[in-house]
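Down below is the structure, laid out as structure tokens.
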Number of protein chains: 2
Amino acid sequence: MSSDAAQATPKYYLLKTEVLGLMAGLHPGTLIPTERALAEKYATSRTTVRQAISELVAEGKLGRIQGHGTFVAPPKVTHVRQLTSFSDDARTQGLRPDSTLLSLNVMGSDAEVSAHLGVDYGKPVTRLERIRLIEGEPLAHEIAWLPGKLPRFKSNLAKAGSLYAVLTEVYGIRIADVEDTVETALAGPDDVRLLGIEMGAPLLVVHRLARDASGAPVEWTRSAFRGDRFRFVSRVKSGI
Amino acid sequence: MSSDAAQATPKYYLLKTEVLGLMAGLHPGTLIPTERALAEKYATSRTTVRQAISELVAEGKLGRIQGHGTFVAPPKVTHVRQLTSFSDDARTQGLRPDSTLLSLNVMGSDAEVSAHLGVDYGKPVTRLERIRLIEGEPLAHEIAWLPGKLPRFKSNLAKAGSLYAVLTEVYGIRIADVEDTVETALAGPDDVRLLGIEMGAPLLVVHRLARDASGAPVEWTRSAFRGDRFRFVSRVKSGI
DNA sequence: GGTCAACATTGGCATAGACCAATGCCGTTG
DNA sequence: CAACGGCATTGGTCTATGCCAATGTTGACC
């Protein structure tokens, strides 16, 4: 109420957060309050409530049935599939890829990063945040976490450009195993700011965990690609 | 209750089609009429116009700038990437995959299919339309086109289950090269009906072109996966 | 006991209008 | 001429409200 920044975020987005709070701990299938009830509770209109709920439905967090109600959605199914790299092969199409460094620092790992990198909670990890561009247009927001601290990482990265090139050539870290997760999400305020898209735009969110030959995690990355401008094309030679 | 299907399509969806018509032939960047103008022209409210336009924006067909206007968006960028198969590896996770046959017939190829399969326009192609399910839940709508006509295809497919298994084991067609395109889209009436999702829900749309060792197209497929329930996970062992 | 019609409830669609925020134009002003 | 300030235009958010469509329950009726 007091902060002016609150005015920056639309009401329906704040309401989204409120509803997410309501959902915490509820089992899938549990009905949440009706749209009319939420409108009254949060002193807003049903239209605004519907805008908030619609996005949560689009994200797969809620479901709704006309005449019945709105309920907590079951968790996503996971589909396994083989694929390989993610590096800058835009060049093979004659496109000009680039990246902007937003931040690069060493920090204490949070719970999520710890879990993925197999690092103790609070121990140092390197955090690399970049914007990926193609033909000068921002197409993806990427945050990579690496275990520990790499000496002279910033200058080495600036020289080589490619993260994988630096890891291999300078630090002798070879990636032997990669696991990608691809799913859709909707753009929030950060994505809007960094990618120049609009609230609620669909995103392709890719989480990548890379390991070395010993199976030790080397990198964990979260990439958000603009769904409206992006298209993956992949080729492979082999059976089935 | 046979068919009053007339007013089944909502007004904002019809308006979407209208606006798409307006856009035809316009260069990227060209401004379309303002929301207020469209509301008047089509005798509707600005709210309805905004719902239609918002979906077109989410699909990447339009862009808009506050204080300036709404314009035709530039075409999507394409990113090349390597990956492999798409077949039923859900089992590796202990999930139960299944598919429902919606239709299977031989028809004259349309322009789009001709282009991809390298078949003359109007020549016979086999069209296979299925719903993919995991754990009994519909997750994807898939239409596959194969060049020509395959004898006893229906019964062979029923026996084997897997399309690739039939092609290989019965017809001796081996797939040597595959090209996938992944992008986001929003659910339209067909997707809503077949997948039980709601209008405007985000989808992962995959187009696949498979070739044999000689480079001849063997299969062209369009798959629409529910973005709210689906997640790809891929593993691979190898460099970068 | 089973059937069916009526009704209340809930989400789905649409209207009309208000005010805010960003943009761009234009005229005034220094 | 350049810089600034107003102002109209356009999209962004929100309100208040109405009716439709699907669902589920209740209760009369056979």
Side-chain angles (χ1 to χ4, degrees), chain A residues 4-19 29-58 62-73 186-189 192-193 196-201, chain B residues 1 3-16 18-19 29-58 62-73 187-189 192-193 196-201:
Chain A
D4 286 339
Q7 170 184 3
T9 355
K11 195 170 195 171
Y12 77 87
Y13 196 82
L14 297 175
L15 188 56
K16 247 178 98 168
T17 313
E18 287 294 324
V19 174
T30 310
L31 291 176
I32 68 169
T34 67
E35 296 177 352
R36 287 165 178 89
L38 287 171
E40 190 178 4
K41 177 171 179 184
Y42 293 102
T44 184
S45 69
R46 208 184 134 209
T47 311
T48 303
V49 171
R50 275 186 68 79
Q51 187 171 2
I53 289 188
S54 294
E55 294 203 354
L56 290 171
V57 170
L62 289 177
R64 50 185 173 188
I65 301 173
Q66 185 177 151
H68 183 66
T70 305
F71 55 89
V72 179
L186 299 186
V192 167
R193 182 170 46 85
I197 54 182
E198 68 174 40
M199 293 286 294
Chain B
M1 39 203 79
S3 55
D4 291 60
Q7 68 177 46
T9 3
K11 194 171 196 173
Y12 78 88
Y13 196 82
L14 297 174
L15 188 56
K16 247 178 98 168
E18 287 294 324
V19 174
T30 310
L31 292 176
I32 67 168
T34 69
E35 296 176 352
R36 287 166 178 88
L38 287 171
E40 189 179 4
K41 178 171 179 183
Y42 293 102
T44 184
S45 69
R46 204 182 139 211
T47 312
T48 303
V49 171
R50 275 186 67 78
Q51 187 170 1
I53 289 188
S54 296
E55 294 203 353
L56 290 171
V57 170
L62 288 177
R64 50 186 173 188
I65 300 174
Q66 185 178 151
H68 183 66
T70 306
F71 55 89
V72 179
V192 167
R193 182 170 44 86
I197 55 183
E198 67 174 42
M199 293 286 293

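Every chain is numbered from 1, with letters handed out A, B, ... down the list of sequences.
G63(A) approaches A73(A) most closely through the heavy-atom pair N-CB, 4.2 Å. A39(B) approaches S45(B) most closely through the heavy-atom pair CB-C, 3.9 Å.
Rounded to an integer number of Å, the gap from CD of E55(B) to C1' of dC13(C) is 13 Å. Separating the CZ atom of F71(A) from the P atom of dG24(D) is a distance of 12 Å, rounded to the nearest angstrom. The CD-P distance, from E35(A) to dT15(D), rounds to 14 Å in whole Å. Distance, K16(B) NZ to dC13(C) P: 12 Å, rounded to whole Å. Whole-Å rounding puts the I32(B) CD1 to dT10(D) C1' distance at 12 Å. Rounded to an integer number of Å, the gap from I53(A) CD1 to dC14(D) C1' is 16 Å. Put simply, OH on Y13(A) is 12 Å from P on dT13(D), counting in whole angstrom units. Note: CZ (R50(A)) to C1' (dT13(D)) measures 17 Å, nearest angstrom.
Contacts of I65(A) classified as side chain to side chain contact (heavy atoms under 4.5 Å, CB included), with partners at least two apart in sequence or in another chain: H68(A), F71(A). The side chain to side chain contact (heavy atoms under 4.5 Å, CB included) search around E35(A) returns R46(A), V49(A), R50(A), I53(A), R64(A), not counting sequence neighbours. For the side chain to side chain contact (heavy atoms under 4.5 Å, CB included) test, residues two or more places apart in sequence or in another chain that qualify with E18(B) are L15(B), Y42(B).
Here the straight-line distance linking atom CG of L38(A) with atom CD1 of I32(A) works out to 5.5 Å at 0.5 Å rounding. One finds the NZ atom of K16(B) at 5.5 Å from the CG atom of L56(B) (value rounded to the nearest 0.5 Å). The CG atom of L14(A) sits 11.0 Å away from the OG1 atom of T48(A) when rounded to the nearest 0.5 Å.
Looking at heavy atoms from C-beta onward, Q51(A) lies out of side-chain contact with Y13(A) at the 4.5 angstrom threshold. Residues V72(A) and L31(A) are not in side-chain contact: their nearest non-hydrogen atoms beyond the backbone lie 4.5 Å or more apart.
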Protein-nucleic acid N or O pairs under 3.5 Å, nucleotides 22-27 of chain C:
unit_1: dA22(C); atom_1: O4'; unit_2: Q66(B); atom_2: OE1; d: 3.3

Please list, pair by pair, any protein nitrogen or oxygen found under 3.5 Å from a nitrogen or oxygen in nucleotides 15-17 of chain C.
unit_1: dT15(C); atom_1: OP1; unit_2: K11(B); atom_2: NZ; d: 2.9
unit_1: dT15(C); atom_1: OP1; unit_2: T44(B); atom_2: OG1; d: 3.1
unit_1: dT15(C); atom_1: OP2; unit_2: T44(B); atom_2: OG1; d: 2.5
unit_1: dT15(C); atom_1: OP2; unit_2: S45(B); atom_2: N; d: 3.0
unit_1: dT15(C); atom_1: OP2; unit_2: S45(B); atom_2: OG; d: 2.8
unit_1: dT15(C); atom_1: OP2; unit_2: T48(B); atom_2: OG1; d: 2.5
unit_1: dA16(C); atom_1: N6; unit_2: T47(B); atom_2: OG1; d: 3.4

Take L62(A) and V19(A), measure what side chain to side chain contact (heavy atoms under 4.5 Å, CB included) needs, and give me the verdict at the end.
CA-CA 10 Å; L62(A) 289 177; V19(A) 174; 4.2 Å; yes
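In the helix from dG1(C)-dC30(D) to dG30(C)-dC1(D), the end axes, each obtained as the rotation axis mapping the C1' atoms of four pairs onto the next four within a five-pair block, lie 0° apart to the nearest 10 degrees.
Interface remark: the R36(B) side chain does form a donor-acceptor pair with the dG11(D) base, using a distance-only criterion of under 3.5 Å.
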